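So you know, we letter chains A, B, ... as the sequences are listed, proteins then strands, and number each from 1. Here the structure is a predicted model, which means the values were calculated and not measured.
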2 protein chains.
Amino acid sequence: MTARTSPEASRDIPEATVARLPVYLRALTGLVEAGTRTCSSEELAGAAGVNSAKLRKDLSYLGSYGTRGVGYDVDYLRYQIAREIGVEQDWPVVIVGIGNLGHALANFSGFRSRGFRVVALLDADPSRHDEVVAGIDVRPFADLEAIVREHGVAIGVIATPAVAAQDVADRMVGCGITSILNFAPTVLSVPTGVDVRKVDLSIELQILAYHEQRKAQGEATPATTGPGDPAHHELVREETA
Amino acid sequence: MTARTSPEASRDIPEATVARLPVYLRALTGLVEAGTRTCSSEELAGAAGVNSAKLRKDLSYLGSYGTRGVGYDVDYLRYQIAREIGVEQDWPVVIVGIGNLGHALANFSGFRSRGFRVVALLDADPSRHDEVVAGIDVRPFADLEAIVREHGVAIGVIATPAVAAQDVADRMVGCGITSILNFAPTVLSVPTGVDVRKVDLSIELQILAYHEQRKAQGEATPATTGPGDPAHHELVREETA
DNA sequence: TAGATTGTTAATCGATTAACAATC
DNA sequence: TAGATTGTTAATCGATTAACAATC
């Protein structure tokens with residue numbers, strides 16, 4: 001791997017901070033594109049949607065990349081965060097399951113610009129092996145091992161139906177993949193040392209529904225109204241105004 | 001809204017617990033479908049991918065729905081959690097932005113079974129207004145207000161490009177939507193009282209990349225290897241085995 | 001009654017935040 | 001020097017976990 005420039009600074013970054021670094025990176029990229037050379041923690045925090053105390057605390061885990069009284073050099077800080085995350089280099093990824101969602105993921109242009117390169121699309125369904133999606137051939141799932149070996153893939157994306165996901169994960173782990181992004185609505189079981197992150201549409205919506213329900217409860221509650229009922233809606237409107 | 005059966009039990013559920021309730025709900029639905037009548041916290045926790053102490057603590061915020069020495073009635077607990085989340089009723093949602101991702105979301109079958117009903121697909125691009133996606137007409141974005149009023153929509157999904165997302169959010173908020181699920185890679189600014197949840201592919205992958213990079217650092221580090229390099233891959237494989 | 005399992009307590013851990021000394 | 005802003009401290013808050021009394 002690339003030589004480390006600041007070997008000790010990167011130890012033990014809290015997980016909550018790690019999850020925000022990509023947000024800061026994106027905000028900084030926006031500032032670079034807007035031609036901004038320098039920014040304060042206040043400005044950057046605003047762009048990232050956090051408060052400035054949290055931002056400064058987060059950045060302090062990486063090192064001291066700002067200048068007191070001045071702020072941060074946008075481009076320099078962007079580079080340092082990208083390096084810390086590890087996206088100065090390109091990570092090869094495979095996507096398994098080329099249904100509607102797999103199509104959308106394969107066509108997602110943000111991959112390339114943000115440190116990732118889709119090296120293969122795999123699907124178990126032979127009828128999809130003729131397709132070319134986003135300029136990439138869809139290949140049989142059986143090719144997984146060969147592709148992972150050939151490209152040194154460490155990150156896999158699962159976009160299959162729920163029933164297939166555990167099998168796909170097992171095969172991925174079996175051939176050396178140690179990070180999985182799972183879009184299938186299942187709990188995956190993987191050995192220690194393998195990271196799984198989950199993106200789940202229903203869960204996100206249900207979390208919103210929970211809070212929405214409670215907002216509605218805070219209002220006057222005519223027994224006959226509810227979400228989906230136009231009368232209910234007017235109440236929501238008042239609360240928001 | 002529907003009358004509350006246990007008015008005091010649902011106050012102040014911690015956010016971390018709220019985020020896990022949908023996971024428990026899904027696990028319970030799986031158990032119901034498998035014909036399981038009763039389960040212990042240990043079993044349910046296993047199915048949900050958490051430890052049993054956390055599960056019991058979480059459930060304790062809802063009330064006492066288990067029986068000591070016996071466990072939980074699967075169907076009864078499933079109902080109580082669904083009611084608590086608010087998905088015993090159907091929430092009408094609109095999806096704005098019918099590109100690749102919007103297509104995938106519109107076709108996502110889990111909506112219906114999990115408490116949501118897509119009542120409209122909207123897109124600003126007139127060339128898409130002929131399309132029918134998942135049996136639903138794609139309509140002009142200008143119809144948003146009328147649709148929200150007609151169906152009492154409280155939850156909106158944004159699947160547009162990043163540049164359009166803030167405008168879409170403003171319009172949604174303006175016509176009474178108070179919960180937004182945002183797939184566009186932008187920080188949305190919304191007034192207090194409006195909930196936004198964000199799903200961001202690049203961020204998830206970058207979080208994985210960070211950990212992946214650190215796994216690689218723990219190994220022997222021949223200066224010339226890195227991810228994407230087959231030699232590197234063999235090292236990853238050893239760590240996982 | 002004996003065994004099993006919940007619901008709760010209390011200790012621990014991690015994350016957030018405001019305040020401010022350091023310093024440009 | 002005076003004003004601005006970082007990096008850090010310390011207090012607070014929230015989440016996790018193990019242990020166990022309650023009780024079926």
- Rounded interatomic separation in angstrom, taking NZ from A:Lys57 and C1' from C:dA15: 10 Å
- Message: Rounding to an integer number of Å, can you tell me how far A:Gln80 CD sits from D:dG7 P?
- Response: 12 Å
- Task: Determine, stepwise, if the pair A:Thr17 / A:Asp58 fulfils side chain to side chain donor-acceptor pair (under 3.5 Å).
- Result: CA-CA 6 Å; A:Thr17 298; A:Asp58 283 341; 2.6 Å; yes
- Query: Hey, what do you get for OH (A:Tyr24) to OG1 (A:Thr29), rounding to the nearest 0.5 Å?
  - Reply: 14.5 Å
- Start with the C-alpha gap between B:Arg26 and A:Ser202, add the side-chain angles, then the distance that decides, and say whether side chain to side chain contact (heavy atoms under 4.5 Å, CB included) holds. CA-CA 10 Å; B:Arg26 174 169 296 155; A:Ser202 299; 3.5 Å; yes
- Query: Does C:dA4 have OP1 or OP2 sitting under 4.0 Å from an N or O in the side chain of B:Tyr72?
  - Reply: no
- May I ask you to decide if A:Gly86's main-chain N or O and A:Trp91's side chain share a donor-acceptor pair within less than 3.5 Å? yes
- Task: For B:Arg20 and D:dA15, give me the distance from atom CZ to atom P, rounded to whole Å.
- Result: 8 Å
- Whole Å only: how far is the CG atom of A:Asn51 from the C1' atom of C:dT16? 8 Å
- In whole angstroms, the gap separating P of D:dG14 from OH of B:Tyr61 amounts to 11 Å
- So, B:Tyr65 versus B:Tyr76, ring centres under 6.0 angstrom or not? yes
- Query: For DNA chain D, which consecutive runs of 3 or more Watson-Crick or G-U pairs (each distance under 3.5 Å) count as stems?
  - Reply: C:3-24 with D:3-24
- Query: Should B:Glu88 and B:Arg78 count as an ion pair when the cut-off is N to O under 4.0 Å?
  - Reply: yes
- Message: I need the CD-P distance between A:Glu43 and D:dA4, as an integer number of Å.
- Response: 14 Å
- Interatomic distance, A:Asp12 CG vs C:dC13 P [rounded to whole Å]: 14 Å
- Message: Has A:Lys198 got a side-chain atom pairing as donor or acceptor with A:Leu181's backbone, closer than 3.5 angstrom?
- Response: no
- Message: Looking only at side-chain N and O atoms, does A:Glu212 offer a donor or acceptor that is under 3.5 Å from a partner on B:Thr178?
- Response: yes
- Please give, in whole Å, the distance from C:dT6 P to B:Leu62 CG? 15 Å
- Message: Output one letter per nucleotide in nucleotides 19-24 of chain D: B when a protein non-hydrogen atom lies under 4.0 Å from the base, S when only the sugar-phosphate is that close, - when neither is.
- Response: B-BBBB
- Task: Calculate, to the nearest 0.5 Å, the distance between atoms CZ and OG belonging to B:Phe108 and B:Ser113 respectively.
- Result: 7.0 Å
- With a 4.0 Å cut-off on heavy atoms, is B:Glu42 in touch with a base, just the backbone sugar-phosphate, or nothing at all? nothing
- Message: Here's a test of your reading of the structure: between B:Ser41 and A:Ala16, which maps to the more 5' nucleotide of DNA chain C?
- Response: B:Ser41
